[in-house]
Number of protein chains: 2
Amino acid sequence: MTSTRGYHHGDLRRVLLAAAVEVIEESGSAALSLRDLARRAGVSHAAPAHHFGDRAGLLTALAVQGFDLLAEALHAAGTDLLDVGVAYVDFAVGHRAHFEVMFHPDLYRADDPEIRAARARSGRALHAGVAALAQARPGTRQDDAMAAWSIVHGFATLWLAGALPAGLGDDPGEAARAVTRRLFTPPPGP
Amino acid sequence: MTSTRGYHHGDLRRVLLAAAVEVIEESGSAALSLRDLARRAGVSHAAPAHHFGDRAGLLTALAVQGFDLLAEALHAAGTDLLDVGVAYVDFAVGHRAHFEVMFHPDLYRADDPEIRAARARSGRALHAGVAALAQARPGTRQDDAMAAWSIVHGFATLWLAGALPAGLGDDPGEAARAVTRRLFTPPPGP
DNA sequence: GGGCAATCTTGACGATGACAAGATTCTGTC
DNA sequence: GACAGAATCTTGTCATCGTCAAGATTGCCC
């Protein structure tokens with residue numbers, strides 16, 4: 001119970017980031033406030049500033065965390081591009097707070113060195129799937145990489161925005177699999 | 001000059017929406033503030049409330065505007081799905097403020113009847129392209145529609161987030177055309 | 001011309017972000 | 001064990017914001 005705690009929380013940075021995820025998942029990034037996070041963590045309103053500097057600093061840390069979690073998820077998915085794509089969608093839906101912040105660079109310090117490094121790590125993980133495809137299918141071009149990334153990112157974003165029509169089922173990964181499969185097996189042509 | 005103006009601006013609603021687009025394009029939706037928009041329009045801080053009720057009300061109006069502009073852009077693109085896809089990307093990049101707000105329903109009143117109607121209009125325009133494809137290519141399924149929407153939406157979102165690698169050129173429409181073409185002509189298989 | 005709606009202005013309050021000054025706790029060194 | 005300094009907080013303040021209320025002004029319709 002924090003009432004017995006003095007001036008040293010001990011794990012405040014992690015608790016604040018977890019609280020931020022909770023608030024963003026409930027109400028979106030616009031509803032995030034440092035004072036609210038401080039209350040939820042049981043500390044004074046200025047305590048978060050020591051760990052993050054300011055609101056943008058906290059969101060920078062959240063984005064770094066997100067890019068690293070994404071890299072891990074993509075690595076774990078193996079090298080089949082369809083599996084990597086599904087893992088991307090699963091990540092986006094399972095970590096909607098991180099995902100929302102990651103792709104809104106105006107919310108954080110996009111030129112922060114940690115962000116750049118984390119982005120590079122997830123970028124490499126993303127391209128591992130494309131590299132495997134290029135190996136299996138000579139002739140694969142950069143456009144194919146862009147198409148693969150675009151389709152899974154688009155699907156994830158539309159799912160999270162609640163823009164997709166009903167009938168796709170409850171499993172975003174499975175729905176994404178059916179949709180992204182189209183990239184490789186187009187409808188019968190004329 | 002507003003200094004000769006009394007209590008009746010005459011066109012305040014439109015001016016506030018235009019100012020909102022400007023601010024969001026410059027600094028993102030998080031930077032939007034009603035007081036700042038009022039200052040830019042040369043009125044008092046409470047004037048916007050008469051037209052929009054509150055901040056979410058203004059963003060609702062902006063989203064409605066966006067869905068309608070999208071519907072118009074898609075109708076103007078004709079029925080070739082590739083052209084419709086490119087028009088979608090051109091719309092997103094050319095109206096980045098509207099696009100950002102449209103796909104963040106936590107910023108506005110998603111259950112507002114005007115929003116629902118506007119969404120339906122742009123949804124119909126989007127599906128006109130898919131319907132044309134289905135006519136030209138029997139066997140087209142809902143997955144194809146989702147794939148088409150996902151790929152252009154994903155490309156647009158990634159482009160706007162500055163996440164795509166350099167080398168795609170300066171024309172988002174042309175870059176999107178090359179990428180979305182992959183949906184219909186996949187790389188040579190094994 | 002008058003009444004009412006529309007469209008503003010002024011003022012106030014609570015919440016926020018950011019900053020400053022200071023208090024407490026922890027850690028490392030001697 | 002003591003001390004110094006870093007780390008980690010607390011308290012307070014200020015400017016800005018969103019929202020609400022009360023009131024002033026203007027436009028429109030009968």
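Below, chains carry the letters A, B, ... as their sequence lines are ordered, and counting in each starts from 1. Below, all heavy atoms of this structure are taken into account, side chains as well, without hydrogens, waters or symmetry copies.
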For A/Arg177, run the salt bridge (charged side-chain N to carboxylate O under 4.0 Å, His left out) check against A/Asp90, A/Asp83, A/Asp171, A/Asp80 and tell me which one passes.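 Among the candidates, only A/Asp83 passes.
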Let me know the distance between CG of A/Leu34 and P of C/dT16, rounded to the nearest Å.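 Atom CG in A/Leu34 sits about 10 Å away from atom P in C/dT16.
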In whole angstroms, how far is the P atom of D/dG18 from the CG atom of B/Leu16?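 For the pair B/Leu16 CG and D/dG18 P, the rounded distance is 12 Å.
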Using atom CZ of A/Phe52 as one end and atom P of C/dC19 as the other, report the distance to the nearest whole Å.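 For the pair A/Phe52 CZ and C/dC19 P, the rounded distance is 16 Å.
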Report yes if some heavy atom in the side chain of B/Leu16 is under 4.5 Å from a heavy atom in the side chain of B/Leu34; otherwise report no.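 A side-chain contact under 4.5 Å is absent here.
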Is B/Arg109 paired with B/Asp54 through a side-chain N to carboxylate O contact shorter than 4.0 Å?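 The answer is yes: the pair qualifies as a salt bridge.
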Protein and nucleotides 9-12 of chain D: nitrogen or oxygen contacts under 3.5 angstrom:
residue: D/dC9; atom: OP1; partner: A/His9; partner atom: N; Å: 2.4
residue: D/dC9; atom: OP2; partner: A/His51; partner atom: NE2; Å: 2.7
residue: D/dC9; atom: O4'; partner: A/Tyr7; partner atom: O; Å: 3.3
residue: D/dT10; atom: OP2; partner: A/Ser44; partner atom: N; Å: 2.4
residue: D/dT10; atom: OP2; partner: A/Ser44; partner atom: OG; Å: 2.4
residue: D/dT10; atom: O5'; partner: A/Ser44; partner atom: OG; Å: 3.4
residue: D/dT10; atom: O4'; partner: A/Tyr7; partner atom: OH; Å: 3.2
residue: D/dG12; atom: N7; partner: A/His45; partner atom: NE2; Å: 3.4
residue: D/dG12; atom: O6; partner: A/His45; partner atom: NE2; Å: 2.8

If you measure from the Lys or Arg side-chain nitrogens to the Asp or Glu carboxylate oxygens, is any gap between B/Asp143 and A/Arg182 under 4.0 Å?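 Salt bridge absent between B/Asp143 and A/Arg182.
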Residues which pass ring pair (Phe, Tyr, Trp, His ring centres under 6.0 Å) with B/His104, listed by chain and number, not counting sequence neighbours: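 Applying ring pair (Phe, Tyr, Trp, His ring centres under 6.0 Å) to B/His104 gives A/His104.
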Sequence neighbours excluded, which residues qualify as ring pair (Phe, Tyr, Trp, His ring centres under 6.0 Å) partners of B/Phe52?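 B/Phe52: no ring pair (Phe, Tyr, Trp, His ring centres under 6.0 Å) contacts found.
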Rounded distance in Å - CZ (A/Arg55) to C1' (D/dT16):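 One finds 14 Å between C1' of D/dT16 and CZ of A/Arg55, rounded.
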